[in-house]
Amino acid sequence: MSPFGTSLRTEVGGVDLDTPVIVASGVWPMDPALWPEGSLDGVGAVCSKGLTLKPRDGNPGCRIVETYSGVLNSIGLQNSGVDHFVAQELSAFSFAGRPIIVNIAFETLDDLVETVEVLKGSALKISALELNVSCPNVTRGGMTWGIHPESLESAVTAARRAWNGILWVKLSPQAPSVGEFAELSQGCGAEAVVVGNTWLGMAIDNERERPFFENVFAGLSGPAVFPLALRAVWEAAGAVEIPVIGCGGISRPQDALSMILAGASAVEVGTALFVDSRLPASICRELERHLREKGLSSVGDLVGRARR
Amino acid sequence: MSPFGTSLRTEVGGVDLDTPVIVASGVWPMDPALWPEGSLDGVGAVCSKGLTLKPRDGNPGCRIVETYSGVLNSIGLQNSGVDHFVAQELSAFSFAGRPIIVNIAFETLDDLVETVEVLKGSALKISALELNVSCPNVTRGGMTWGIHPESLESAVTAARRAWNGILWVKLSPQAPSVGEFAELSQGCGAEAVVVGNTWLGMAIDNERERPFFENVFAGLSGPAVFPLALRAVWEAAGAVEIPVIGCGGISRPQDALSMILAGASAVEVGTALFVDSRLPASICRELERHLREKGLSSVGDLVGRARR
Amino acid sequence: MDSGMGKPGSPADRKGSLVFSRKVGENCRHIAVELSEATAPSAPGQFFLVREWGVFDPLLGRPLASTVSGNCRLEFLFQVTGRGTSRLASLTPGAALELRGPCGNGFPAPVGEKLLLVAGTLGIAPFLGAVSALGEKVDVTAVLGVPGRGWEPFTEWCEDKIPGIRLNSDDGSLGRRGDPVEDSLTLVGPGRELWGCGPEAMLRELGRAYEKGCEKVLVSLERRMGCGIGGCLSCSITTPSGMKRVCVDGPVFDWREVFGEPLRN
Amino acid sequence: MDSGMGKPGSPADRKGSLVFSRKVGENCRHIAVELSEATAPSAPGQFFLVREWGVFDPLLGRPLASTVSGNCRLEFLFQVTGRGTSRLASLTPGAALELRGPCGNGFPAPVGEKLLLVAGTLGIAPFLGAVSALGEKVDVTAVLGVPGRGWEPFTEWCEDKIPGIRLNSDDGSLGRRGDPVEDSLTLVGPGRELWGCGPEAMLRELGRAYEKGCEKVLVSLERRMGCGIGGCLSCSITTPSGMKRVCVDGPVFDWREVFGEPLRN
Ligand SMILES: Cc1cc2nc3c(=O)[nH]c(=O)nc-3n(C[C@H](O)[C@H](O)[C@H](O)COP(=O)(O)OP(=O)(O)OC[C@H]3O[C@@H](n4cnc5c(N)ncnc54)[C@H](O)[C@@H]3O)c2cc1C
Ligand SMILES: Cc1cc2nc3c(=O)[nH]c(=O)nc-3n(C[C@H](O)[C@H](O)[C@H](O)COP(=O)(O)OP(=O)(O)OC[C@H]3O[C@@H](n4cnc5c(N)ncnc54)[C@H](O)[C@@H]3O)c2cc1C
Ligand SMILES: Cc1cc2nc3c(=O)[nH]c(=O)nc-3n(C[C@H](O)[C@H](O)[C@H](O)COP(=O)(O)O)c2cc1C
Ligand SMILES: Cc1cc2nc3c(=O)[nH]c(=O)nc-3n(C[C@H](O)[C@H](O)[C@H](O)COP(=O)(O)O)c2cc1C
Ligand code: FES
Ligand code: FES
């Protein structure tokens with residue numbers, strides 16, 4: 001049971017959440033036994049690591065570099081493949097007792113459909129599918145799906161046909177217009193959009209005079225990107241009727257509140273968990289405090305309030 | 001005289017520089033009498049505040065908000081207009097004894113051409129014109145010029161026709177493809193591209209439940225954006241033959257070196273001067289140190305070395 | 001362009017080390033900083049951008065008026081209001097700081113012999129240096145306003161530094177009940193100069209001193225700042241005579257320069 | 001999946017306060033931290049992600065092996081190699097820290113009675129706790145390698161903590177001339193267990209101990225880390241038995257798990 005009041009309950013894109021705070025994909029163990037003390041408090045749902053049809057070792061070489069108030073990562077979708085996920089990882093994962101959002105990535109539409117088919121065979125509940133069209137760290141597939149309108153359309157349509165459960169689309173902030181891409185996802189039948197993923201950046205090792213990452217580019221996340229993500233959320237929320245889930249740089253409780261005031265129905269937290277495993281609980285307290293202060297009764301009342 | 005050796009001398013896009021470190025537009029006084037002790041050391045050139053045809057009061061309300069390792073600004077091109085600049089400000093500005101890069105912004109192509117005409121009438125030397133097609137803080141003109149290929153083309157072409165001196169184009173990182181826009185600028189006759197300006201972000205005042213800035217969006221700069229700017233520079237440098245001038249988030253001497261290794265021929269520093277007025281000198285020392293370490297004789301040898 | 005205010009010493013960036021950091025009540029701190037190298041001497045009302053050394057979060061220096069400035073030593077009094085000041089308040093002796101200053105135009109030496117200082121809470125900071133600097137030469141009266149109970153450590157600290165300071169509090173729990181403007185208006189008159197520092201609404205009210213025959217009212221303004229030296233235009237204000245930068249055209253302005261001609265009845 | 005290494009205490013995030021920070025030569029620091037609340041006891045080889053509290057630049061905690069861990073007190077020994085550690089080194093007593101740990105699998109209690117510890121410079125850190133924890137029960141010999149002159153304060157500090165530690169330096173200026181691997185190979189043999197911590201090239205060389213009949217070689221690896229708890233896959237390594245995470249599957253691994261079967265001649 002959530003230690004937080006019913007005022008934080010909300011339904012977002014077809015998923016019932018005790019709190020609007022979701023653990024973002026790829027940053028936290030799927031096995032709750034590995035979670036630090038107290039870190040499950042306030043968590044409304046958990047996203048899986050990005051899954052692919054086949055197991056992947058991920059990228060060679062350096063995978064993480066710290067930047068000013070941020071991190072660049074180039075994990076490259078290391079995962080054990082969807083079969084292993086359904087057969088092994090999902091049951092431990094379910095122990096968290098929170099709705100599970102399965103994040104999937106793909107190189108081809110056939111991959112995508114096949115991956116969905118495997119997930120359909122799962123006996124354990126999958127609350128939503130999060131279609132990752134925005135991973136900047138793979139040379140084939142990944143972000144390229146999310147920065148061209150036609151490819152986004154084909155991917156969301158294919159996922160929509162293959163999956164009769166809830167479908168979320170995790171958009172790329174590299175898209176030329178986040179609002180337009182959110183609308184497109186809505187048009188293709190997504191129940192919610194997640195805005196967004198990491199931002200394309202890079203780092204250079206001056207001594208060796210070459211890029212730190214084998215793939216040259218990597219994805220920037222963490223506090224640094226918060227103002228950019230907030231703007232992207234504002235744009236998306238102005239463009240669609242379906243819920244927008246805000247993601248990017250949320251690092252303090254106030255940031256989550258800002259995202260919600262900007263129009264997000266829920267938030268995902270990622271990198272900040274590296275430095276504060278109790279952030280979800282702190283966010284919940286901040287939301288409750290703000291509701292009380294403004295005399296409001298439900299977190300839903302806060303969504304988009306800064307747009308009035 | 002520069003206290004730095006000849007190894008830092010370079011010619012960038014038609015401008016001879018004692019050092020490759022340029023003070024970016026809009027962050028530093030044009031009157032050198034206001035510069036803190038030691039802050040002219042190592043400066044190779046100085047950009048003017050963004051000028052417009054007519055004087056502008058800039059944006060009302062809050063103009064700057066700090067973010068994690070960054071600042072959002074919404075100055076809105078406050079300036080006294082190009083006539084006043086030529087008549088009054090330019091002479092004090094020239095006292096810095098450094099090449100002067102005049103940054104101009106415009107709402108219409110007619111504005112642009114008229115502004116250039118006024119500048120042509122200046123008796124004092126203008127080393128280059130920096131065409132700002134990337135200011136996110138004005139509702140008309142500004143960034144909109146820099147995010148559509150056709151409008152960028154028309155602006156650069158108009159500036160090129162009107163101005164027979166050196167022309168630099170300061171690109172927007174909001175452009176869908178920085179490389180393509182750099183190429184376009186080259187095709188229209190620019191001598192160099194500056195990559196780039198601030199990144200579109202926003203901030204919300206949670207207590208008042210509304211955006212901090214009257215214009216909602218504002219421009220993000222400072223350390224936070226460095227990895228993004230570095231990537232943009234890498235992309236641009238891979239796309240054009242003309243020099244790329246790197247700008248965005250350079251905060252420590254190493255960052256400037258990284259930019260140059262990524263392909264920048266020179267760098268502009270902005271926000272970091274708010275916290276360290278001696279950064280240009282430190283950058284020069286770092287470049288000299290690196291040249292010695294690698295047994296190279298000129299900063300030109302470093303340009304793009306991480307791309308090999 | 002030249003506001004005619006106290007001539008600025010040229011600002012410089014200096015590294016400093018925290019000498020002490022003392023709590024003055026719940027929310028305020030009195031700190032001393034030892035500089036690696038001297039800055040220009042600062043006049044009352046001039047300020048420094050103060051930040052932790054070497055980290056970029058929080059990024060910007062916070063403008064603080066130096067309450068005491070010696071050769072290589074500066075003291076500040078500040079309130080914890082947000083992220084930057086709470087960070088500064090958490091530092092322990094020996095911590096490395098970066099300071100830019102002295103910035104802006106301070107209060108010019110008073111023309112008359114009678115000076116009235118009006119401060120809202122932390123607005124007292126720039127006056128602490130003034131009182132000792134002016135010493136015997138000028139007859140100085142200081143008026144301070146605070147919200148009320150809870151501010152005792154702060155008011156006691158101020159009373160210690162400025163003996164005879166007149167206290168006012170909203171609820172009458174400390175000193176007189178009332179606001180410092182009303183109190184100061186009972187004291188002004190021809191031949192008395194008035195300096196104010198505090199919330200903008202309070203400063204505006206000080207314009208009423210002109211009605212009482214006061215000829216010179218100077219106020220110190222606050223704005224969020226970027227560069228602190230007149231380059232970024234973050235701190236611009238609209239005045240009857242055009243746009244002004246609080247950091248270099250101020251922070252000390254003639255009241256009329258900011259608020260226009262006072263209404264006289 | 002289970003590497004069979006020393007069972008981890010469950011990690012938690014704790015706030016701590018710096019008790020002391022002592023220089024150990026030019027570039028190293030010995031610090032003690034007082035926690036607000038106890039963590040699980042940590043085994044030698046387990047580590048904490050250590051960062052300054054409340055600021056996001058530098059952002060990530062730096063993995064440091066706890067050299068001493070009591071109920072609410074932890075000690076660390078670290079070298080200043082970059083931005084995060086130089087920041088940590090600049091903090092003064094009272095500074096607020098955040099710590100996540102104990103993370104990972106430490107060294108399991110040795111099976112035999114003779115243990116050989118081989119460290120390259122700061123690789124000694126995880127062994128400091130081990131030596132006192134194992135006490136009389138096990139016959140421990142420690143071998144340390146350093147570059148040479150300049151490292152005296154560090155080696156003296158280590159000699160003080162681990163009496164009888166065998167010194168090696170590249171140039172022979174401190175202790176034996178040579179590297180710690182060669183030195184340790186003169187000591188290993190059947191019945192002796194070997195633990196190594198230091199540069200990866202050194203750890204790989206330790207595989208030669210198998211040739212000498214040594215049956216158990218454990219090594220502690222380093223990788224850049226994000227979460228420290230197995231979630232982000234930043235610290236993955238490719239091993240003969242698939243991808244492993246240094247933070248939770250290690251940092252202590254059986255040599256063969258990492259490097260495969262040793263070559264025997
Ligand atoms: C010339 C000048 C002298 C000052 N002298 C003193 C002094 O001696 N003692 C003292 O306690 N305070 C002084 N202030 C006010 C002090 O600078 C702000 O309280 C401080 O910057 C707020 O920082 P923060 O991190 O606490 O707040 P933030 O978290 O940054 O913001 C909290 C609040 O502070 C305000 N604020 C934020 N940044 C600034 C800024 N740069 N300038 C002004 N207000 C800001 C915001 O409007 C916000 O409401 C002075 C301000 C100026 C302009
Ligand atoms: C399990 C473990 C235990 C450790 N215990 C100790 C110890 O007790 N004492 C000690 O001095 N050092 C220890 N280290 C190494 C220490 O974590 C790094 O030296 C430190 O993180 C570097 O941070 P920096 O800010 O100085 O360097 P940065 O500026 O971040 O980088 C400088 C160099 O350090 C390396 N580095 C950066 N981040 C990490 C990281 N997270 N992990 C490993 N290397 C990194 C980089 O490759 C780079 O070459 C340990 C590392 C691990 C993984
Ligand atoms: C190490 C790391 C791994 C990630 N892996 C994935 C992934 O597998 N799938 C995905 O959709 N997003 C992935 N992300 C992106 C995050 O889920 C999140 O969208 C992004 O980091 C921005 O949010 P943040 O700033 O709160 O971290 C990853 C991020 C990091 C830092
Ligand atoms: C306060 C402020 C004002 C600026 N004004 C201008 C301007 O007038 N014209 C322009 O081209 N860029 C302007 N910029 C952008 C900077 O020149 C620079 O391109 C940008 O800030 C990124 O670099 P930085 O991170 O080093 O600051 C401004 C930036 C700031 C912070
Ligand atoms: S703070 Fe930059 S002009 Fe005043
Ligand atoms: S550091 Fe995140 S998995 Fe190891």
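In what follows, every chain begins at residue 1, and chains take the letters A, B, ... in the order their sequences are listed.
The greatest number of non-hydrogen atom pairs below 4.5 Å with chain A, out of B/His290, B/Met202, B/Arg307, B/Gln254, is found for B/Met202. Here A/Asn206 is the residue among A/Leu230, A/Asn206, A/Leu228 with the most heavy-atom pairs under 4.5 Å with chain B. Taking A/Gln174, A/Glu235, A/Lys294, A/Arg208 one by one and counting their heavy-atom pairs under 4.5 Å with chain B, the maximum is reached by A/Lys294. Among B/Phe217, B/Trp199, B/Phe226, the residue with the largest count of heavy-atom pairs under 4.5 Å with chain A is B/Phe217. Contact tally against chain A (heavy-atom pairs below 4.5 Å) for B/Gly70, B/Ser258, B/Pro176, B/Ser251: the top residue is B/Ser258.
Counting only distance, with no hydrogens or angles, the side chain of A/Thr19 and the backbone of A/Val21 share a donor-acceptor pair below 3.5 Å. Under the 3.5 Å distance criterion, the side-chain polar atoms of A/Arg63 are matched with a main-chain donor or acceptor of A/Asn59. Under the 3.5 Å distance criterion, the side-chain polar atoms of A/Ser185 are matched with a main-chain donor or acceptor of A/Phe181. In this structure, A/Ser134 contributes its side chain and A/Lys170 its backbone to a donor-acceptor pair below 3.5 Å. Under the 3.5 Å distance criterion, the side-chain polar atoms of A/Arg308 are matched with a main-chain donor or acceptor of A/Arg305.
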Next item on the list: For B/Ile245 and B/Val12, run side-chain contact (heavy atoms from CB on, under 4.5 Å): C-alpha distance rounded to whole Å, both residues' side-chain angles, the deciding distance at 0.1 Å, then the answer.
Entry: CA-CA 8 Å; B/Ile245 295 159; B/Val12 174; 3.8 Å; yes
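With a 4.5 Å cut-off on non-hydrogen atoms, A/Leu302 touches chain B through its side chain but not through its backbone. With a threshold of 4.5 angstrom between heavy atoms, B/Leu257 approaches chain A through its backbone and through its side chain. For B/Glu293, the part lying under 4.5 angstrom from a heavy atom of chain A is the side chain only. Only the side chain of B/Val216 has a heavy atom closer than 4.5 Å to any heavy atom of chain A. With a 4.5 angstrom heavy-atom cutoff, B/Arg252 touches chain A via backbone and side-chain atoms both. For A/Leu220, the part lying near chain B is the side chain, with the backbone staying farther off; criterion is any non-hydrogen pair under 4.5 Å. Only the side chain of B/Leu72 comes within less than 4.5 Å of a heavy atom of chain A; its backbone N, CA, C and O stay farther away.
With a 6.0 Å radius and a threshold of 12 heavy atoms from other residues, nucleotides or ligands, A/Arg210 has its CZ atom at or below the threshold.
For the residue pair B/Gly146 and B/Ser172, the shortest heavy atom distance occurs at O-CB, 4.1 Å. In plain terms, the two heavy atoms of B/Trp145 and B/Ser154 that are nearest each other are CZ3-OG, 3.7 Å. The shortest heavy-atom contact between B/Ser221 and B/Thr198 is CB-CG2, 3.8 Å.
Using a 4.0 Å cut-off between charged side-chain N and carboxylate O, A/Arg289 and B/Glu207 make a salt bridge. A salt bridge is absent between B/Arg292 and B/Glu286: the closest approach of a Lys/Arg side-chain nitrogen to an acidic carboxylate oxygen does not fall below 4.0 angstrom.
Among residues 259-280 of chain A, the residues having any heavy atom closer than 4.5 Å to a heavy atom of chain B are, in sequence order, A/Leu261, A/Ala262.
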